[in-house]
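Before any comments, here is the structure.
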Amino acid sequence: MASLHNASTEQLQELDALHHLHPFTDTAALNKKGVRVIKRAEGVYLWDSEDRKFLDGMAGLWCVNVGYGRKEIMDAAYQQMQQLPYYNSFFQTSHPPAIELAAKISEVTPAGFNRVFFCGSGSEANDTVVRMVRHYWAALGKPDKKVVISRENAYHGSTMAGASLGGMKPMHAQGGLPIPDIEHIKQPHWFVNGYDQTPEVFGKNAALALEKRIEELGADNVAAFIGEPVQGAGGVIVPPSTYWPEIQRICKQHDILLVADEVICGFGRTARWFGSDTFNIEADLMAIAKGLSSGYLPIGGVVVSDHVAEGLEQGGEFNHGYTYSGHPACAAAALANIELMQRERIVENAAEKIAPYFQQKLFEMADHPLVGQVRGVGMLGAIQLSPEKPSNKQFSKGGVVSMVCREHCMENGLVMRAVDDAMILSPPLIITESQIDELFAIAKNSIDQTYQDLQDGKIDFSS
Ligand code: PXG
């Protein structure tokens, strides 16, 4: 246990400010305010260093699907560390946990996916995707098929290729991104981009942007299209029902690989094992991470369909890999996590019981005067705040009102994420009905308070 276990909040904040650079953070602003220190967790709850309790409406960062405190996963990692804490899978070696996990992944993934390349995270998975799809086409004698098409406002990670694939403008603005041969088309975000059309018409039109871009670039130059079945970090953007079938048709017709980024949607998040199951996507490759180990230890992977695996085999050596590809302790934790999900029928239970209840409570928020749209699927939800209803109007400056709402949520004991003006939910899949009631009671109260703040002119849009 860390020696600072009994340190005061102030001591921890001071040391953190001195030595710790946080992801996606304005360091100066954070250090002025002081970081919140999370100390322990159990089930769906977190406790901070002041012993304040929070319901974790985000399952960490969309990952703790089986909830906190699952001893089976800890024991599996501990036992594996005693047996073999580390060995690599380069140079014609392997080890039991990586072998067993690879086989287990092919059991739960959609038909036709039987091979996995391991890495340490979702970002590494998507870096691997870029190199792998280009290597695949080169192996088939088509080295010009290099461009990967993604979407505006997508999130695919923070490495150079991951952030390039992502469509977040502020990320591209730093560090000389995107890398070459990455293209972006519009996102299927009906509320923001397609409000003047029916969702079905807009969904098809958004997909047709892919066909148009392929035709502009020439299909001979395009390797793949990548998309999250539901854009998570972009704001839980659930595409209209017409979107994925049209994307599928376009990829097939133009001989473009379809990559499903299942980093958030995988392992039960949409109340099926994969987002591809929920949306009937027949992908050629899938990026996985997060729910693979429920975040207990870092691990990711790229799962490839049989025909992609065959193509790759024609390419000889794939000059790519990580020290921690298939790390034994991480693989053992992931295996224990999936076995636990199967034993406790966590995905089935989500589909039959918890997700319908979660969606019902989520959609009850649509009546609120501050809520412009509610969207969700499975155990994902977004409550879009809007200044005027019914309309798709947005506040004069995005992300201000939602940050106020987020602060109210925290004060009231709920972790909810704010994306632009949407409040985002992605709780552990093991949340109970009464905990869902608690979650939405706090959410509603916090949105009420935010609405009151707006009416009282307390929200400052100028800073
Ligand atoms: N793909 C998707 C769809 C993701 O959501 C990644 C790839 C990258 O995974 P790693 O393991 O490298 O982080 C992600 C990660 C947020 C937030 O604020 C979302 C993610 C990560 C950090 C913050 O919503 N998603």
Side-chain angles (χ1 to χ4, degrees), residues 22-26 56-65 117-130 148 150-168 170-171 177 182 184 187-188 224-239 259-270 274-276 278-279 281 283 285-303 322 324-325 327 330 333-334 377-382 399 402-403 406 415-427:
H22 291 255
F24 282 90
T25 294
D26 175 340
D56 185 3
M58 283 305 297
L61 260 182
W62 325 75
C63 55
V64 189
N65 289 4
F117 185 100
F118 286 119
C119 56
S121 66
S123 300
E124 286 181 3
N126 285 323
D127 269 46
T128 302
V129 160
V130 173
V148 181
S150 177
R151 299 174 297 180
E152 290 163 7
N153 212 21
Y155 190 78
H156 296 295
S158 270
T159 48
M160 295 295 272
S164 297
L165 289 173
M168 307 274 179
M171 291 181 78
L177 299 180
I182 306 286
H184 298 89
Q187 58 176 344
F225 170 77
I226 184 167
E228 306 154 72
V230 176
Q231 278 160 266
V236 180
I237 301 159
V238 184
V259 185
D261 182 340
E262 294 271 5
V263 169
I264 283 180
C265 291
F267 300 95
R269 182 50 59 197
T270 65
F274 290 87
S276 294
T278 299
F279 291 93
I281 303 167
L285 301 94
M286 302 198 306
I288 55 173
K290 293 194 191 272
L292 168 58
S293 65
S294 282
Y296 277 58
L297 283 175
I299 183 164
V302 178
V303 198
Y322 304 100
Y324 301 126
S325 286
H327 188 286
C330 303
V377 60
M379 296 302 283
L380 284 169
S402 61
M403 282 311 280
R406 201 189 80 132
V415 179
M416 215 172 173
R417 172 123 162 52
V419 176
D420 290 329
D421 282 321
M423 302 307 300
I424 303 300
L425 287 166
S426 170

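Position 1 is the first residue of the sequence; numbering continues from there. All ligand and atom numbering here is 1-based and tracks the order in the structure. Fair warning: this is a prediction, and the values are worked out from it, not measured in the lab.
For atom 22 (C) of ligand 1, the nearest non-hydrogen atom of the protein is Leu61 CD1, 3.5 Å. Nearest protein neighbour of atom 18 (O) of ligand 1, counting heavy atoms only, is Arg417 NH2, 2.5 Å. Distance from atom 5 (O) of ligand 1 to its nearest protein heavy atom, with residue and atom name: Ile264 CD1, 3.2 Å. Scanning all protein heavy atoms for the shortest distance to atom 2 (C) of ligand 1 gives Tyr155 O, 3.3 Å. Of the protein's non-hydrogen atoms, the one nearest atom 19 (C) of ligand 1 is Trp62 NE1, 3.5 Å. Annotation: atom 11 (O) of ligand 1 to nearest protein heavy atom, Gly122 N, 2.9 Å.
Scanning all heavy atoms of the two residues, the minimum distance from Met171 to Ala163 falls at CE-CB, 3.7 Å. Closest heavy-atom contact between Ala289 and Phe267: O-CD1, 4.4 Å.
For ligand 1, the atoms sitting less than 4.0 Å from at least one non-hydrogen atom of Ser121 are 11 (O), 12 (O), numbered in the order shown with element in parentheses. The Asp261 neighbourhood of ligand 1 comprises atoms 1 (N), 2 (C), 3 (C), 7 (C), with distances under 4.0 Å to a heavy atom of that residue. In summary, the atoms of ligand 1 found under 4.0 Å from a heavy atom of Asn126, numbered by their order in the structure, are 1 (N), 7 (C). Atoms of ligand 1 found under 4.0 Å from any heavy atom of Gly157, numbered from 1 in the order shown, are 6 (C), 7 (C), 8 (C). Residue contact check: Glu228 has heavy atoms under 4.0 Å from atoms 3 (C) of ligand 1.
The shell of residues lying under 4.0 angstrom from ligand 1, judged by heavy atoms, excludes Phe24. Remark: distances from the non-hydrogen atoms of Lys290 to ligand 1 include one below 4.0 Å.
His184 contributes a side-chain N or O that, together with a main-chain N or O of Ser164, makes up a donor-acceptor pair within less than 3.5 Å. With His327 contributing its side chain and Cys119 its backbone, the two residues share no donor-acceptor pair below 3.5 Å. The backbone N or O of Pro23 lies less than 3.5 Å from a partner atom in the side chain of Thr25, making a donor-acceptor pair. Between the Ser123 side chain and the Ser158 main chain, a donor and an acceptor come within less than 3.5 Å of each other.
Applying the 6.0 Å contact sphere to CZ of Arg417 captures more than 12 heavy atoms from other residues, nucleotides or ligands. Residue Tyr322 places its OH atom among more than 12 non-hydrogen atoms of other residues, nucleotides or ligands, all under 6.0 Å distant.
With a 4.0 Å cut-off on non-hydrogen atoms, Thr159 does not touch ligand 1 at all. With a heavy-atom cut-off of 4.0 Å, Glu124 does not touch ligand 1 at all. Heavy atoms from both the backbone and the side chain of Ser123 come within less than 4.0 Å of ligand 1.
Between Pro229 and Phe274 there is no side-chain heavy-atom pair separated by less than 4.5 Å.
Here the OG-CE distance, from Ser402 to Met423, works out to 6.0 Å after rounding to the nearest 0.5 Å.
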